[in-house]
Amino acid sequence: MKAHQLKLYNTLSRQKEDFAPINPPFVGMYVCGPTVYGDAHLGHGRPAITFDTVNRYLTHLGYRVRYVRNITDVGHLTGDADEGEDKIAKKAKLEQLEPMEVAQQYTDTYHRDMALLNTWKPSIEPRATGHIPEQIALVEAILNEGLAYVVNGSVYFDVLAYNKRYTYGKLSGRVLDDLMTGSRDLDGQGEKRNAVDFALWKNASSEHLMKWPSPWGLGFPGWHLECTAMSSKYLGTQFDIHGGGMDLLFPHHECEIAQGNACNHRDPAKYWMHNNMITINGQKMGKSLGNFITLQELFTGKHPLLEQAYSPMTIRYFILTAQYRSTLDFSNDALRAAQKGYKKIINGLRIVRSMDYTPNSEIALDGEQVQQVEASITAAYRAMDDDFNTAMAIGHLFNLLKKINSIFTGQLQSAS
RNA sequence: GGUCGCGUGGCCGAGUGGCUAGGCAGAGGUCUGCAAAACCUCGUACAGCGGUUCGAAUCCGCUCGCGACCUCCA
């Protein structure tokens with residue numbers, strides 16, 4: 001097979017770049033996983049399938065991929081960084097469970113659903129609570145750099161100080177001055193020196209369920225820190241691809257870059273990839289709006305908005321019929337179309353597998369047919385090489401399918 | 001308000017200057033028992049206005065509409 005020049009869109013540069021791993025043939029990829037306090041919904045399916053496709057395609061091209069996707073089981077607050085409640089702990093109180101029971105339960109359902117969507121497991125799936133010492137070490141390193149400060153047992157990242165040495169906002173295209181003036185309400189600044197500062201470590205109140213001892217007292221890590229801790233531990237301080245949903249671009253990924261630079265004096269990732277959102281009636285499907293449909297509801301059809309059940313592979317196909325950087329709108333019509341399209345592809349695959357490939361086969365392909373088949377295959381590869389354009393690739397697959405079916409029909413006729 | 005992005009036929013969804021995207025749905029046919037599968041043919045597009053060009057869905061400008069992020073969200 002001829003060499004592929006894979007191009008991928010790098011959010012950092014806002015353009016498609018030639019993919020060149022730091023240390024080929026190895027590729028390190030980190031993707032932000034779920035916060036496990038509820039069932040996975042359609043929106044969670046998209047990054048899982050998107051980066052599964054990246055993983056599979058890179059592997060197919062001969063790269064050796066180490067794919068790390070975390071489980072966030074602590075530190076992800078509801079509401080404002082200062083006032084919010086831990087999402088896991090909140091759910092635990094609600095259901096009268098240990099926080100880790102909540103995390104375990106939804107980690108299990110997440111795994112179940114991801115397996116149904118036919119995604120490969122990550123090479124490593126670290127948990128935030130399993131990396132508290134690493135996170136504390138990072139906080140100390142950032143403090144030593146003079147880029148963080150301690151207040152009442154909490155540690156905050158000093159964005160202004162950081163911005164004097166580095167550029168805060170380069171991933172999301174934000175300018176610090178605008179962020180400062182644009183900060184809307186005065187609530188939530190609290191003990192922070194500046195509203196743009198973010199928590200590295202939070203002091204835990206006595207009623208707080210999940211807390212660990214630290215040099216600053218009992219507390220828990222800030223949300224952004226876990227990804228820096230786990231990615232650098234398993235992929236090194238600079239790795240190839242960092243992925244996640246577009247909604248994590250700011251502040252989460254921006255903060256990861258800041259933390260990485262503060263500790264290691266380099267950007268954590270060479271390429272940043274962001275999948276776009278799934279929408280419903282044109283609006284983002286998400287927890288906050290409550291307009292989400294869980295994957296299990298899709299698989300069983302048990303949701304008021306669903307006219308029928310859709311198989312996991314229909315969902316996977318549906319997601320892949322759009323380029324990952326486009327929004328994708330949910331509707332029953334769209335899913336039904338996906339269901340039939342997927343079935344058609346699988347039928348074609350069955351035919352291909354049943355075909356006889358022995359040299360003396362009665363199937364005599366003429367040069368033109370061979371050329372057409374090869375052209376479709378090449379085109380499909382070209383689409384994949386162009387920033388994983390699965391929508392285009394699938395289109396070419398259908399062209400290929402048509403050819404194969406024609407040849408198959410001809411084979412039947414000549415055999416009879 | 002700031003930053004960014006989007007608007008393609010009944011429904012999805014590609015495509016960045018000229019060369020059929022594709023799928024689903026619809027109409028007709030191969031098929032003269034029914035159904036399924038497959039194949040062939042067909043129609044309906046590029047938000048609006050103006051500009052650049054021999055030529056624009058594709059470039060430029062304006063208008064309208066929509067969304068994302070700026071707070072937790074994949």
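All chains are named by letter (A, B, ...) in the order of the sequence lines, taking the proteins before the strands, and each is independently numbered beginning at 1. Only this structure's heavy atoms are used, side chains among them; waters, hydrogens and symmetry mates stay out.
For A:Gln339 and A:Gln308, the side-chain atoms include at least one donor-acceptor pair closer than 3.5 Å. Donor-acceptor pairing under 3.5 Å is lacking for the side chains of A:Tyr106 and A:His111. If you check the side chains of A:Trp201 and A:Ser154, you find no donor sitting under 3.5 Å from an acceptor. Counted by atom type alone, A:Thr72 and A:Glu226 present one or more donor-acceptor pairs between their side chains at under 3.5 Å.
With both ends at atom C1', the span from B:C4 to B:G10 equals 32 Å, rounded to whole Å. Only the C1' atoms considered, B:G43 is 16 Å distant from B:G29, to the nearest whole Å. Rounded to the nearest Å, the gap between the C1' atom of B:C31 and that of B:G67 is 49 Å. Only the P atoms considered, B:A27 is 15 Å distant from B:A37, to the nearest whole Å. Straight-line distance between the P atoms of B:A57 and B:C24: roughly 27 Å, to the nearest whole Å. Taking atom C1' in both B:C6 and B:U16, the straight-line distance is 15 Å, to the nearest Å. B:C69 and B:C62: their C1' atoms are spaced 26 Å apart (whole Å). Between the P atoms of B:A74 and B:U41, the separation comes to 47 Å (whole Å).
Using a 4.0 Å heavy-atom distance criterion, A:Leu328 is classed as a sugar-phosphate-only contact. Residue-level contact check: A:Met277 touches the bases, meaning some heavy atom is under 4.0 Å from a base atom. Among the heavy atoms of the strands, none lies under 4.0 Å from A:Thr50. Here A:Leu249 lies out of heavy-atom contact (under 4.0 Å) with every strand. Within 4.0 Å (heavy atoms only), A:Thr321 reaches sugar-phosphate atoms of the nucleic acid but no base atom. Using a 4.0 Å heavy-atom cutoff across all strands shown, A:Asn347 reaches sugar-phosphate atoms only and no base atom. Contact annotation for A:Arg174: base contact, defined as any heavy-atom pair under 4.0 Å involving a base atom. Note on A:Lys340: only backbone sugar-phosphate atoms sit closer than 4.0 angstrom, heavy atoms only; bases stay farther off. Residue contacts shown for A:Ala334 are limited to sugar-phosphate atoms, with no base heavy atom under 4.0 Å away. At a threshold of 4.0 angstrom between heavy atoms, the contacts of A:His41 include nucleobase atoms, whether or not backbone atoms are also involved.
Checking A:Arg14 against A:Gly286, the closest nucleotide of RNA chain B that is more toward the 5' end is the one next to A:Arg14. Between A:Asp333 and A:Ala338, the residue anchored nearer the 5' end of RNA chain B, judged by the nucleotide with its closest heavy atom, is A:Asp333.
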**Prompt:** Would A:Tyr156 and A:Leu200 satisfy side chain to side chain contact (heavy atoms under 4.5 Å, CB included), going step by step from the backbone distance to the final call?
**Reply:** CA-CA 5 Å; A:Tyr156 295 98; A:Leu200 295 170; over 6 Å; no
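Taking OH of A:Tyr168 as the start and CG of A:Leu176 as the end, the distance is 8.0 Å to the nearest 0.5 Å.
Using the Watson-Crick or G-U wobble rule with both distances under 3.5 Å, B:U32 pairs with nothing in any strand shown.
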